[in-house]
J.: 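Got a structure for you, questions after.
Naming: A, B, ... by sequence-line order, numbering from 1 per chain.
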2 protein chains.
Amino acid sequence: MTGPVTLQDVADHAGVSRATASLVLRETGRVSKQTRQRVSEAMSTLGYVYNRGAASLRTQTANTIGVVVTHIASPFFGEVIHGLETGLTASGYLPLLVNTEDDPARQHDAIRKLREHQVAGLAVVPATGTSAALIDELRAWKMEHVLVSRYLKDVNAPYVGADDVVGGRLAATHLLETHGCETLAYLGGLPAILSRTDRTDGVREALLRHGFDASALTDMPGEVSGSGGLELGERLIASGPLPDGIICHSDSVAFGLYRALRIHGLGNDTRVIGYDNIGGAALWEPPLTSVATQGEALGRRAARMLLERIKEPGTPKSIDKTIPELAVRQSCGCP
Amino acid sequence: MTGPVTLQDVADHAGVSRATASLVLRETGRVSKQTRQRVSEAMSTLGYVYNRGAASLRTQTANTIGVVVTHIASPFFGEVIHGLETGLTASGYLPLLVNTEDDPARQHDAIRKLREHQVAGLAVVPATGTSAALIDELRAWKMEHVLVSRYLKDVNAPYVGADDVVGGRLAATHLLETHGCETLAYLGGLPAILSRTDRTDGVREALLRHGFDASALTDMPGEVSGSGGLELGERLIASGPLPDGIICHSDSVAFGLYRALRIHGLGNDTRVIGYDNIGGAALWEPPLTSVATQGEALGRRAARMLLERIKEPGTPKSIDKTIPELAVRQSCGCP
DNA sequence: GAAAGTTGATCAATCGATCTAGCAATAATG
DNA sequence: CATTATTGCTAGATCGATTGATCAACTTTC
């Protein structure tokens, strides 16, 4: 009597067997119109609620996906999470979200927990310092996964992100060609993040191509945040004459840099380019020119890739690097 | 042989019964040191993974919590989600995250889905236009819940948020007393959001107390976003002389307003106060004075309240409104 | 030395669905 | 009319854990 309404109750009420009720539920198999009707009625009059847990136990497949993120509240990852959620729920999956604070130990624990929850797959923004062993583990566990926005050294795992070399080159080229810059700086991002080295590689490549020495680049790693950008900006200003153009590892960093520049009265003379083109960058003063990585679309693609491999385990692993575009506004000096 | 390693396999390998292995697993009951040891070894050598789904089926209690949010990627809710995640995982729960885009229909579907997942409870930022019926349903379903950041008319549901009347009063009082403003505007936020009317009530209250008429307040509802703020700012500017002080429904709105002011060369003369005090507000130009609602702490408190009621179903429902404080910076005209 | 208590482990039922195999009735085929 | 398909439904095993009832062996107590 007490306890939740089960499929058995529905079946009894409709005068059929549990199995038949199940068939109706899943809209599969051969069931006559009348029975289908009766069972449906029974379901709604009894207030039946499908128990996905029980079904998962039997079918050995959950419809939850673990989403492991380094900075849950950052604007860029907010967009990525948004995209992931959209893509997953559209296919009937639900994201189990965990935050690692960019700490590999927490990431490790989080993934263990998600595994106990029988998630069907994992979308991971790997924490800085994650070793290749993580992917080996996931493979050994036969747990489908996709890396998002950051990849790992010497690891051939499914990946969705933007092409960082191109992104760096794009930003640098614009500053060099359109604005005649001769010296550049790259601000923010921890050195261990591969996408960072890719981007600086792209920048250097552009410099060389335009006849400059690699020493024309001031490379300042640092925290990826507004306050990080502020601090880096202060250091850059203190260290002598500013480079002609500054590329920031993220829009947040650029935001902090803006502040540093303003504090020192260096407002509108300096050419700044951000990265990720988060919503709102157009509203800044001056509006921020930024390399558009399209976080939300990226999240959606990650969801799609993951679900594809879950449905069709044979699907070959792919590396999906979108070619970023430069959202040109005024912070770079364009009118 | 194939398939996952089960507790049975562990038990066999350790030469004990399934039941004993379960006791070891849960570190409960009477098990001798030696057996405990043997079972633990068996677990690690076999690579056993706890199946929470199966356990939940038996115990009738999942350890997931549904988190239903209107704007998954907004900076403020990002902080709230961060706090929720922290609070939940600290107690061994995991959040199942869904986004409603502020649409009651999607919210309805989302909650049904979460129910099928047997979530132990629900933390909800109700979509604009959510009816009281939602809470009635949740009660009828005996599903623990807590409303976060927004509450509903005529509904006595557990709630965690900031005191909006106080927030509005705080902002208005500061503008009136410290800066001698005589006319105010409240920008952004849909009229149906109760926290909005509370805030404007607080503002009006402050106006009256200082001898002004309620007509001293220009009340402009609108979308809660940067572009919304930009549009509202444009309209406000077009509608005649600016009020002495402008209070925005969120920092994002204030951000858009900044842009509108800059476009019209009204930069630093206008006194602006934002709402929520999101991280980064200190970096704006000028640094934004904002009513601090502390999204992250709010999320943590919501998690705590919900889990308390789940563990101790008798716990009386409570309304937890923190008293916000004004984070005073320069946008209001303070030095 | 018999009764009572404690310790360590096991048995079997159970949670709520899915799914294979199979059964009865009806329809189609030669 | 006998045979074969097809349709509509059901019985019962199963997924991997938890749990109340039970039990054997060993201590303690009188």
Side-chain angles (χ1 to χ4, degrees), chain A residues 1-40 42-43 46-64 92 113 115-120 141, chain B residues 1-40 42-43 46-64 92 113 115-120 141:
Chain A
M1 268 301 114
T2 115
V5 178
T6 106
L7 203 49
Q8 183 68 263
D9 302 335
V10 171
D12 291 350
H13 190 270
V16 298
S17 78
R18 193 163 68 257
T20 307
S22 177
L23 292 179
V24 173
L25 194 61
R26 286 171 294 146
E27 304 183 330
T28 171
R30 294 181 286 267
V31 182
S32 75
K33 223 170 179 101
Q34 302 99 296
T35 342
R36 189 185 307 280
Q37 178 82 8
R38 278 216 318 287
V39 172
S40 301
M43 293 210 276
L46 294 182
Y48 171 72
V49 179
Y50 185 57
N51 187 327
R52 243 168 241 284
S56 298
L57 176 58
R58 181 67 236 264
T59 60
Q60 306 273 34
T61 57
N63 55 349
T64 50
K113 244 192 222 157
R115 218 179 146 216
E116 295 186 350
H117 277 269
Q118 263 65 44
V119 292
W141 295 342
Chain B
M1 269 301 113
T2 115
V5 179
T6 106
L7 204 47
Q8 182 67 266
D9 302 334
V10 172
D12 291 350
H13 189 272
V16 299
S17 78
R18 192 161 72 256
T20 308
S22 174
L23 292 179
V24 172
L25 194 60
R26 287 171 294 147
E27 304 182 331
T28 171
R30 293 182 286 269
V31 183
S32 74
K33 218 164 183 111
Q34 302 98 296
T35 351
R36 188 184 308 278
Q37 177 82 6
R38 279 216 316 287
V39 173
S40 302
M43 293 208 276
L46 293 182
Y48 171 72
V49 179
Y50 185 59
N51 187 328
R52 243 168 241 283
S56 298
L57 176 58
R58 183 66 235 267
T59 60
Q60 307 272 35
T61 56
N63 54 350
T64 49
K113 244 192 222 158
R115 214 177 149 220
E116 295 186 350
H117 277 270
Q118 264 64 47
V119 292
W141 296 341

J.: To the nearest 10 degrees, how far apart in direction are the end axes of the helix from C:dG1-D:dC30 to C:dG30-D:dC1, each fit to five base pairs?
T.: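 Roughly 40° between the end axes, to the nearest 10°.
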J.: Just grab all the salt bridge (Lys or Arg N to Asp or Glu O under 4.0 Å) pairs involving residues 52-64 of chain B, residues at least two apart or on different chains.
T.: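 Checked against salt bridge (Lys or Arg N to Asp or Glu O under 4.0 Å) - neighbours excluded - the pairs reaching residues 52-64 of chain B are A:Glu116-B:Arg52.
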J.: May I have the distance from A:Asp12 (atom CG) to D:dT10 (atom P), rounded to whole angstrom?
T.: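 A:Asp12 atom CG is separated from D:dT10 atom P by 11 Å.
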J.: Using whole Å, what does the distance between atom P of nucleotide D:dC15 and atom CD of A:Gln118 come to?
T.: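 Going from A:Gln118 (CD) to D:dC15 (P), I get 14 Å.
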J.: Rounding to an integer number of Å, can you tell me how far A:Glu116 CD sits from D:dA17 C1'?
T.: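 Value for this atom pair: 13 Å.
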J.: Measuring to OP1 and OP2 of C:dA17, would you say a side-chain N or O of A:Thr6 lies under 4.0 angstrom away?
T.: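 For A:Thr6, the contact criterion (side-chain N or O under 4.0 Å from OP1 or OP2 of C:dA17) is met.
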J.: Between A:Ala120 and A:Ala62, which heavy-atom pair has the shortest distance, and what is it?
T.: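 Nearest heavy atoms, A:Ala120 then A:Ala62: CB-O, 3.4 Å.
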J.: Given C:dG8, is OP1 or OP2 found less than 4.0 Å from the side-chain N or O atoms of B:Gln34?
T.: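 For C:dG8, OP1/OP2 do not have a side-chain N/O of B:Gln34 under 4.0 Å.
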J.: Which of the following nucleotides, C:dG8, C:dC11, D:dT18, is nearest to the side chain of B:Leu7?
T.: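 Side chain of B:Leu7 sits closest to D:dT18.
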J.: With a 4.5 Å heavy-atom cut-off, do B:Asn51 and A:Leu57 have their side chains touching?
T.: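 The answer is yes, as the side chains (C-beta and beyond) meet within the 4.5 Å cut-off.
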J.: Considering only heavy atoms from C-beta outward, does the side chain of A:Val24 approach that of A:Arg38 to under 4.5 Å?
T.: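 Of all side-chain heavy-atom pairs linking A:Arg38 with A:Val24, none is under 4.5 Å.
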J.: Go through D:dT10, D:dA17, C:dG8 for me and flag the one nearest to the A:Val16 side chain.
T.: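 Among the listed nucleotides, the one closest to the side chain of A:Val16 is D:dT10.
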J.: Rounded to the nearest Å, what distance is computed from the CD atom of residue B:Gln37 to the C1' atom of nucleotide C:dG8?
T.: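 To the nearest whole Å, that distance equals 17 Å.
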J.: Classify the nucleic acid contact of A:Val49 as base, sugar-phosphate or nothing, counting any heavy atom under 4.0 Å across all strands shown.
T.: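 Sugar-phosphate, backbone atoms only, no base.
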J.: In whole angstroms, how far is the P atom of C:dG16 from the CZ atom of B:Arg115?
T.: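 Taking CZ of B:Arg115 and P of C:dG16, I get 14 Å after rounding.
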J.: Using nucleotides 19-25 of chain C, report all nitrogen or oxygen pairs with the protein that are shorter than 3.5 Å.
T.:
residue	atom	partner	partner atom	Å
C:dC19	OP2	A:Arg26	NH1	2.7
C:dC19	O4'	A:Arg58	NH1	3.4

J.: Is there a side-chain contact between A:Arg36 and A:Leu23 in this structure, where contact means two heavy atoms from C-beta onward sitting under 4.5 Å apart?
T.: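 Result no, sub-4.5 Å side-chain heavy-atom pair not found.
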J.: Measuring from the side chain of A:Gln60 (C-beta onward, heavy atoms only), which nucleotide among D:dC9, C:dG16, D:dG16 has the closest atom?
T.: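 Nearest to the side-chain atoms of A:Gln60, counting from C-beta on, is D:dG16.
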J.: Which nucleotide sits closest to the side chain of A:Leu23: D:dT10, D:dG16, C:dT18?
T.: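 Closest nucleotide to the A:Leu23 side chain: D:dT10.
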J.: What integer distance in Å separates B:Arg38:CZ from C:dA9:C1'?
T.: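 Whole-Å distance recorded here is 11 Å.
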J.: Remember a base hit wins even if backbone is also touched, and classify B:Thr20 as base, sugar-phosphate or nothing at under 4.0 Å, heavy atoms.
T.: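 Since a base atom lies under 4.0 Å of B:Thr20, the category is base.
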J.: Among C:dA17, D:dT18, D:dC9, which nucleotide has an atom closest to any side-chain atom of B:Tyr50?
T.: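 The nucleotide sitting nearest to the side chain is D:dT18.
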J.: What integer distance in Å separates B:Leu57:CG from D:dC15:P?
T.: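 The distance from CG of B:Leu57 to P of D:dC15 comes to 14 Å, rounded to the nearest Å.
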J.: Taking salt bridge (Lys or Arg N to Asp or Glu O under 4.0 Å) as the cut-off, I'd like each qualifying pair that reaches into residues 3-13 of chain A, sequence neighbours left out, listed once.
T.: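 Pairs touching residues 3-13 of chain A that pass the test: none.
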J.: Starting at the 5' end of DNA chain C and moving along, which residue's nearest nucleotide shows up first, B:Thr35 or A:Asn51?
T.: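 Mapping each residue to its closest nucleotide by heavy atoms, the 5'-most match is B:Thr35.
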J.: Over all heavy atoms of both residues, which pair between A:Thr6 and A:Tyr48 is shortest? Give the atoms and the distance, please.
T.: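 For A:Thr6 and A:Tyr48, the tightest heavy-atom pair comes out as C-CE1, 3.7 Å.
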J.: Using side-chain heavy atoms (C-beta onward) and a distance below 4.5 Å, is A:Val49 in contact with A:Pro4?
T.: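 Sidechains of A:Pro4 and A:Val49: no contact.
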J.: Can you give each donor-acceptor pair under 3.5 Å made by side-chain atoms of residues 13-20 of chain A, sequence neighbours left out, with the distance rounded to 0.1 Å?
T.:
residue	atom	partner	partner atom	Å
A:Ser17	OG	A:Ala19	N	3.3
A:Ser17	OG	A:Thr20	N	3.2
A:Ser17	OG	A:Thr20	OG1	3.1

J.: My understanding is that only residues two or more places apart in sequence, or in another chain, count here; which of them pass side-chain hydrogen bond (donor to acceptor under 3.5 Å, both in side chains) with A:Ser32?
T.: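 Only A:Thr35 meet the side-chain hydrogen bond (donor to acceptor under 3.5 Å, both in side chains) criterion with A:Ser32.
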J.: Report which part of the nucleic acid B:Ser56 touches: base, sugar-phosphate, or nothing (heavy-atom distance under 4.0 Å, all strands).
T.: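 No contact at all - B:Ser56 keeps every heavy atom at 4.0 Å or more from the nucleic acid.
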J.: Grab the CD-P distance between B:Gln8 and D:dC15 for me, whole Å please.
T.: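 Rounded to whole Å, this separation is 10 Å.
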